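Single-structure report; data block below.
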2 protein chains.
Amino acid sequence: MRIGQLAQLVGVETQTIRFYEQQGLLPPPDRQDNGYRVYTKKHGEGLAFIRRCRILGLSLAEIHELQSYQDDPHQPCTAVNTLLDDHISHVRSQITALQALEKQLVSLRASCNDDREVEACGVLAGISEGNMHQQ
Amino acid sequence: MRIGQLAQLVGVETQTIRFYEQQGLLPPPDRQDNGYRVYTKKHGEGLAFIRRCRILGLSLAEIHELQSYQDDPHQPCTAVNTLLDDHISHVRSQITALQALEKQLVSLRASCNDDREVEACGVLAGISEGNMHQQ
DNA sequence: TTAAAACTATAAAGCTACTATAATGTCAAT
DNA sequence: ATTGACATTATAGTAGCTTTATAGTTTTAA
Ligand SMILES: [Zn+2]
Ligand SMILES: [Zn+2]
Ligand SMILES: [Zn+2]
Ligand SMILES: [Zn+2]
């Protein structure tokens, strides 16, 4: 199959496929005489794997790491599990940070009602005065 | 004061200050004969304002917008409050998305105990099989 | 006095994960 | 013969800086 078909199959843009190839996440496919890329079912599976990893928020580097484990299937899977654990704790700390941020923003917002002049805006004053908690 | 002192005062790198100037967030300061930038207290306040906005997660574009409001202090502050409301809802949807992601990752992680071979890793299998919920 | 250390300047590239654009080439159908 | 859909490469743009390179200036110490 050609690049357009693969793209449609997996739900990606063709440029994204070339990008993954360039980044070393997808093996370079064979080429037709005219230079067109020819993909196999394997490529489809590899691409789908990448996409599902991306949906899970894994970085391309992490995906690359996972692929290296897949290439060596008789090692213990500890590293895989650890990678996921690390990623989970990363996501959790993001959540925590965002929740703290939300709290700060909400209290800032509460310091102003509408129908003031910018000069007297509680929000702008709150930012300018800088009585913000660190982190 | 020169750029290094300002940087230390606010807790930023000098390059960041030049970057903000280039982006139009800090007014270009006067220069000494040797070309060195000379900053005033006003610049310090402006820079501190930018930094506090950044800590609140506001984008440079949003900061630019806030600055434009500050330059016109007798308008109603509705736009400021609305900007913050939008930002809060943006943060909230990020939190929601990350929480859903965390759930997915945790259940994926639960599908593997340690001490398996990569071949039999529940995590890799879970990603490959692709029984993932959309979004 | 002079040499090194510290500071400043500009310009350009790197980071992430694509997305978009441009200029060109190939192929099937009208 | 020409349109249209598809392919190719190369390059630039996105956000918010950080890093690097190269060069000039000021301060400090020997
Ligand atoms: Zn991660
Ligand atoms: Zn207000
Ligand atoms: Zn925002
Ligand atoms: Zn496992």
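Chain letters run A, B, ... following the sequence lines, proteins first, then strands; residues in each count from 1. Source: prediction; values computed, not measured.
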### Task
Verify the neighbour count for atom CD of B:Gln23: are there more than 12 heavy atoms of other residues, nucleotides or ligands below 6.0 Å?
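Atom CD in B:Gln23 is packed in, count exceeds 12.
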In this structure, how many angstroms lie between the [atom2] atom of [N] and the [atom1] atom of [X], rounded?
X: B:Asp33; N: C:dT8; atom1: CG; atom2: C1'; value: 14 Å
X: A:Leu25; N: C:dA17; atom1: CG; atom2: C1'; value: 11 Å
X: A:Glu21; N: C:dC18; atom1: CD; atom2: P; value: 15 Å
X: B:Leu6; N: C:dT8; atom1: CG; atom2: C1'; value: 14 Å
X: A:Ile17; N: C:dT19; atom1: CD1; atom2: P; value: 12 Å
X: A:Ile63; N: C:dC18; atom1: CD1; atom2: C1'; value: 12 Å

Using a 3.5 Å distance criterion without hydrogens, assess whether the side chain of [X] forms a donor-acceptor pair with backbone atoms of [Y].
X: A:Thr96; Y: A:Arg92; result: yes
X: A:Arg52; Y: B:Ile127; result: yes
X: A:Gln5; Y: A:Arg2; result: yes

### Task
Give a yes or no on whether a salt bridge exists between B:Asp114 and B:Arg109, defined as a side-chain N under 4.0 angstrom from a carboxylate O.
yes
### Message
Can you list everything that forms a ring pair (Phe, Tyr, Trp, His ring centres under 6.0 Å) with B:His43? Sequence neighbours excluded, please.
### Response
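So B:His43 forms a ring pair (Phe, Tyr, Trp, His ring centres under 6.0 Å) with B:Tyr39.
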### Task
Rounded to the nearest 0.5 Å, what's the gap from CZ on A:Arg54 to OG1 on A:Thr16? Could you check?
10.5 Å
### Query
Taking atom CG of B:Asp86 and atom CD of B:Glu62, what is their separation to the nearest 0.5 Å?
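CD of B:Glu62 is found 8.0 Å from CG of B:Asp86.
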### Task
Summarise protein proximity over nucleotides 8-19 of chain D in one line of letters, 5' to 3': B for base, S for sugar-phosphate only, - for none, counting protein heavy atoms closer than 4.0 Å.
BB------BBSB
Please write out the pairs of protein N or O atoms and N or O atoms of nucleotides 2-4 of chain C separated by less than 3.5 Å, giving the distance to one decimal.
none

### Task
Could you say whether B:Gln32 or A:Gln5 is positioned toward the 5' end of DNA chain D, judged by the nucleotide with the nearest heavy atom to each?
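The 5'-side residue here is A:Gln5.
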